[in-house]
Amino acid sequence: MINQFGNWIRESQIWGSIFRHGVPRDRRTRAMAILSNVFLHLHPVAVRKSGIRLSFTWCMGGITFFLFLVEIVTGVLLMFYYRPTVEYAYFDIQGLRAHVTLGLLRELHRWGAHAMVIAIWLHMLRVFLTGSYKPPREFNWSVGVILLVLTLLLSFTGYLLPWDQLAMWAITVGSNMARATPGAGSEGPLSAFIQIGGVPLVHAGDDARFGLLAGTFVGPNALLRFYVLHCVFIPCVVTVLLAIHFWRIRKDGGISGPL
Amino acid sequence: MDSILASSTSTLESVKHFINVACEPHWFMIISVAAFFIFLIGYRFWTKPAVAATIAALVTLFFLASCLDDNFNKIVTKADNVPIVIMMVSVAFLLWLAFRQAAINDERMEKGEPLLEAGADDKVLVWPDLVYSELIALVLCTALLIVWAIVLRAPLEQPANPNVAPNPAKAPWYFLGLQEMLVYFDPWLAGVVLPGLIVVGLIAIPYMDKNPRGNGYYTFKERKFAITSFLFGFIILWVVLIIFGTFLRGPNWNFFGPYEFWDHNRPAALLNTEFHDLFWVNLLGRPLPGHYLMRELPGIILLGGYFLLGPLIMKATVFRKLSRDIGFMRYSMLCVLMLFMLLMPIKMVLRWTLNLHYIVGITEWFLNV
Ligand code: HEM
């Protein structure tokens with residue numbers, strides 16, 4: 001019965017128009033299953049057996065990617081409830097807990113973010129310990145490092161959004177460092193020398209910290225700025241870099257293995 | 001009966017006291033570094049499943065017993081600190097997994113047997129072999145994440161208030177390594193230059209490491225220098241500092257032992273030894289020179305020597321072969337990055353022994369090291 005129904009669906013014109021290959025039962029159709037699907041096509045058709053053993057990759061790159069997708073989905077849902085202004089931000093977050101059915105969104109998003117930071121470090125550790133950054137994969141390692149920095153920045157910008165004490169003061173501690181940027185922070189070394197006719201060019205009202213916070217303190221402008229960076233700008237850059245990262249894995253000969 | 005109870009409590013108290021002392025910054029770092037090198041040297045022994053399982057069991061037991069202590073419990077179970085416990089466990093487990101495979105591979109290479117990862121031509125089709133493992137991983141991770149989200153509420157404190165600063169004000173946990181650096185360096189180094197160099201250094205790794213061996217399989221023997229220096233940075237100067245910053249730093253960024261109460265009245269540590277005082281006043285017995293460049297000259301010479309002579313001396317001794325193999329540019333890059341990395345442990349030791357504040361302290365320019 002069920003089999004018949006399954007066959008009926010698979011033989012229909014609709015199914016055939018979406019999945020152009022037959023049922024993946026032999027070598028040819030299995031290869032087609034990968035080649036004719038835009039998502040699966042991230043993979044090569046065949047891979048080295050040792051490369052996909054769990055003890056080799058720990059699946060950490062994959063888990064990092066999975067967590068990134070979780071963050072996108074839960075993040076978009078959170079955006080429905082959250083307004084990035086000083087009046088609303090905290091209470092919107094509070095409301096998530098009180099009013100939203102099955103209110104796990106924030107939990108999923110927050111713990112997913114922590115888990116992603118852990119997973120990306122572990123991924124880097126495994127790539128290092130297997131020597132997988134060696135030629136021809138040098139460039140993909142570099143792309144990875146940028147992804148690492150962006151992941152940390154994603155976490156950092158998101159930390160401010162609940163607008164509670166923890167958020168505000170963690171970001172205050174963090175952004176105070178920008179004040180000390182050499183040559184670009186008002187209290188950084190050498191900044192005092194950048195002046196015209198005795199008028200300092202680098203001061204609290206235009207230094208690196210000001211650029212980060214859009215003000216001299218963690219206030220409404222900083223909240224909006226972090227929100228846009230967190231929800232739009234950094235995720236877009238990460239997505240582009242991920243495309244490069246995955247593409248390069250294939251172009252560099254797949255998961256590394258003994259030569 | 002009472003006296004037995006009393007004496008066992010007092011033994012317990014003295015054990016706790018002992019551990020509190022062993023966690024003081026200098027002991028904590030010394031023990032961590034010692035454990036790190038002992039592990040690397042004896043990696044073939046420690047990674048044997050029976051040995052590793054025993055160690056894991058002991059650590060778990062110790063951890064669970066510690067949770068009976070109120071002060072310990074309060075900090076470990078704080079919702080935002082749970083990820084760190086997860087990180088500690090997974091880093092330890094995966095390091096074991098990696099070094100276990102390295103030990104097996106190294107032994108096989110000595111005997112001329114094929115590696116664990118051998119069989120480069122054994123190819124399997126992505127559908128079904130990989131696609132299905134990915135699906136299983138995806139389902140498992142989703143389930144785990146949902147359980148985590150149900151069990152642990154995301155923390156939400158009082159609404160932001162610019163007038164009330166919490167004490168301690170901590171950065172997000174993954175940046176606590178940087179915040180710990182602030183104890184030893186000014187923000188321009190700890191918050192800007194050193195993090196920048198970490199990123200540059202990471203990107204530069206594949207371009208500096210010219211060792212063609214150990215590409216695509218676990219090994220330690222063939223890449224001792226690369227693995228030791230990377231792990232020193234990652235484990236000691238990053239993970240260990242995060243653990244330290246989370247669990248052992250309390251109000252006023254003071255150190256508190258794991259079983260100690262976080263006393264808000266303990267004043268911040270005083271730093272009062274400057275290198276220029278040590279040199280001019282204590283060593284030469286003269287007053288400080290008036291001009292700040294003259295005053296800081298000894299420190300500048302010391303640092304200059306460190307960064308200029310250090311590479312030359314190492315080139316003539318420990319790195320003679322390495323510097324020849326990788327060429328001048330790579331060697332210089334490697335030295336600059338390594339010397340910056342080692343600046344941190346050096347400054348730590350100077351702080352513990354001399355209570356040293358700055359090596360070079362041109363406060364006039366905010367240029368302090
Ligand atoms: C958002 C972050 C990242 C994602 C989603 C990601 C994803 C992946 C995936 C799925 C793989 C396939 C093999 C595996 O799972 O281990 C991979 C391989 C690789 N990744 Fe990443 N990665 C990320 C960050 C990084 C970082 C931080 C580094 C290094 C600093 C890095 C360097 C590499 C290299 C060199 C490979 C090729 C390894 C080999 O061929 O064995 N990636 N990445």
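Below, chains carry the letters A, B, ... as their sequence lines are ordered, and counting in each starts from 1. Keep in mind that what you see is a predicted model, and the values were worked out from it rather than measured.
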| Interface moiety of B:Pro195 toward chain A, non-hydrogen atoms closer than 4.5 Å | neither
| For A:Val45, is it the side chain, the backbone, both, or neither that has a heavy atom closer than 4.5 Å to a heavy atom of chain B? | both
| Proximal component of B:Ala137, with respect to chain A [non-hydrogen, under 4.5 Å] | side chain
| message | Looking at A:Gln165 and B:Asn161, would you say the former's side chain and the latter's main chain have a donor-acceptor pair under 3.5 Å? | response | yes
| Can you say whether B:Arg223 sits under 4.5 Å from chain A via the side chain, the backbone, both, or neither, judging by heavy atoms? | side chain
| task | For the pair B:Val126 and A:Leu40, evaluate side chain to side chain contact (heavy atoms under 4.5 Å, CB included) and give the outcome as yes or no after the intermediate values. | result | CA-CA 9 Å; B:Val126 164; A:Leu40 293 178; over 6 Å; no
| B:Val164 portion near chain A, given a 4.5 angstrom heavy-atom threshold | both
| query | At a heavy-atom separation under 4.5 Å, does B:Asn368 approach chain A through its side chain, its backbone, both, or neither? | reply | neither
| query | For chain A, which residues from residues 170-177 of chain B lie under 4.5 Å away (heavy-atom distances)? | reply | B:Lys170, B:Ala171, B:Pro172, B:Trp173, B:Tyr174, B:Phe175
| query | Going from CH2 on A:Trp141 to CD1 on B:Ile205, what distance comes out if it is rounded to the nearest 0.5 angstrom? | reply | 4.5 Å
| query | What class does the angle between the rings of A:Trp121 and B:Phe234 fall in, given that below 30° is parallel, 30 to 60° is tilted and above 60° is perpendicular? | reply | perpendicular
| Interatomic distance, A:Ser256 atom OG to B:Asn215 atom CG [nearest 0.5 angstrom] | 6.5 Å
| message | With side chain to side chain contact (heavy atoms under 4.5 Å, CB included) as the criterion, how do B:Ser133 and A:Leu54 come out once you've worked through the C-alpha distance, each side chain's angles and the decisive distance to 0.1 Å? | response | CA-CA 9 Å; B:Ser133 347; A:Leu54 194 58; over 6 Å; no
| said: Any side-chain to backbone donor/acceptor pair from A:Arg53 onto B:Glu117? Under 3.5 Å, distance only. | reply: no
| query | Non-hydrogen atoms of chain B under 4.5 Å away: do they reach the side chain of A:Ser186, the backbone, both or neither? | reply | backbone
| said: Any non-hydrogen side-chain atom of B:Leu202 less than 4.5 Å from a side-chain atom of A:Met124? | reply: yes
| request: Report the distance from atom CD of B:Gln101 to atom OG1 of A:Thr130, rounding to the nearest 0.5 Å. | output: 10.0 Å
| Distance, nearest 0.5 Å, that separates NE2 of A:His109 from CG of B:Leu145 | 11.5 Å
| How far apart are the C-alpha atoms of A:Leu129 and B:Leu94, what are their side-chain angles, what is the distance that settles it, and do they pass the side chain to side chain contact (heavy atoms under 4.5 Å, CB included) test? | CA-CA 11 Å; A:Leu129 289 177; B:Leu94 291 174; over 6 Å; no
| Under 4.5 Å from a heavy atom of chain A, the part of B:Leu125 involved | both
| note | Residue from A:Ala115, A:Gly144, A:Ser155, A:Gly112 scoring the most non-hydrogen pairs under 4.5 Å with chain B is A:Ser155
| For the student: nearest non-hydrogen atoms of B:Ile203 and A:Ser142, plus distance | CG2-OG, 3.7 Å
| message | Quick check on B:Glu134 against chain A: is it the side chain, the backbone, both or neither that has a heavy atom closer than 4.5 Å? | response | side chain
| field | Side chain, backbone, both or neither of A:Trp163 within contact of chain B (heavy atoms, under 4.5 Å) | value | both
| remark: B:Glu157 and A:Leu166 have their tightest heavy-atom pair at OE1-N, 3.5 Å
| query | Which heavy atom in A:Glu107 sits nearest to a heavy atom in B:Leu152, and how many Å separate them? | reply | CG-O, 3.4 Å
| task | Pick one of side chain, backbone, both or neither for B:Val239, based on which atoms fall under 4.5 Å of a heavy atom in chain A. | result | neither
| message | Please tell me whether B:Asp209 and A:Tyr133 have a donor and an acceptor in their side chains that are separated by less than 3.5 angstrom. | response | yes
| task | Give the minimum heavy-atom separation between A:Leu104 and B:Ala149, together with the two atoms involved. | result | CD2-O, 3.5 Å
| query | So which part of B:Ile198 gets closer than 4.5 Å to some heavy atom of chain A, the side chain, the backbone, both or neither? | reply | neither
| What part of B:Ile235 lies closer than 4.5 angstrom to a heavy atom of chain A: side chain, backbone, both or neither? | neither
| task | Check whether B:Ala226 gets within reach of chain A through its side chain, its backbone, both or neither, counting any heavy atom under 4.5 Å. | result | both
| message | Between B:Lys123 and A:Lys49 (side chain of the first, backbone of the second, donor and acceptor by atom type, cut-off under 3.5 Å), is there such a pair? | response | no
| field | Heavy-atom proximity to chain A below 4.5 Å, by part of B:Ile150 | value | both
| B:Ile146 versus chain A, heavy atoms under 4.5 Å apart: side chain, backbone, both or neither? | both
| request: Give, for atom CG of A:Leu125 and atom CZ of B:Phe230, the distance between the pair rounded to the nearest 0.5 Å. | output: 6.0 Å
| Test of ring centre spacing under 6.0 Å for A:Phe56 and B:Tyr217 | no
| said: Please report the interatomic distance CG(A:Leu67) to OG1(B:Thr142), rounded to the nearest 0.5 Å. | reply: 9.0 Å
| task | Could you tell me which portion of B:Arg213 (side chain, backbone, both or neither) has an atom closer than 4.5 angstrom to a non-hydrogen atom of chain A? | result | backbone
| note | Closest non-hydrogen atoms of B:Ser90 and A:Ile118, given as atom of the first, atom of the second and distance, are OG-CG2, 4.0 Å
| query | Does the side chain of A:Met177 reach to within under 4.5 Å of the side chain of B:Leu182, using non-hydrogen atoms? | reply | yes
| task | Decide yes or no on side chain to side chain contact (heavy atoms under 4.5 Å, CB included) for A:Arg126 and B:Tyr218, but give the supporting numbers first. | result | CA-CA 9 Å; A:Arg126 130 30 217 165; B:Tyr218 288 101; 4.1 Å; yes
| Which pair of heavy atoms, one from A:Ala180 and one from B:Trp188, lies closest together, and at what distance? | O-CB, 2.9 Å
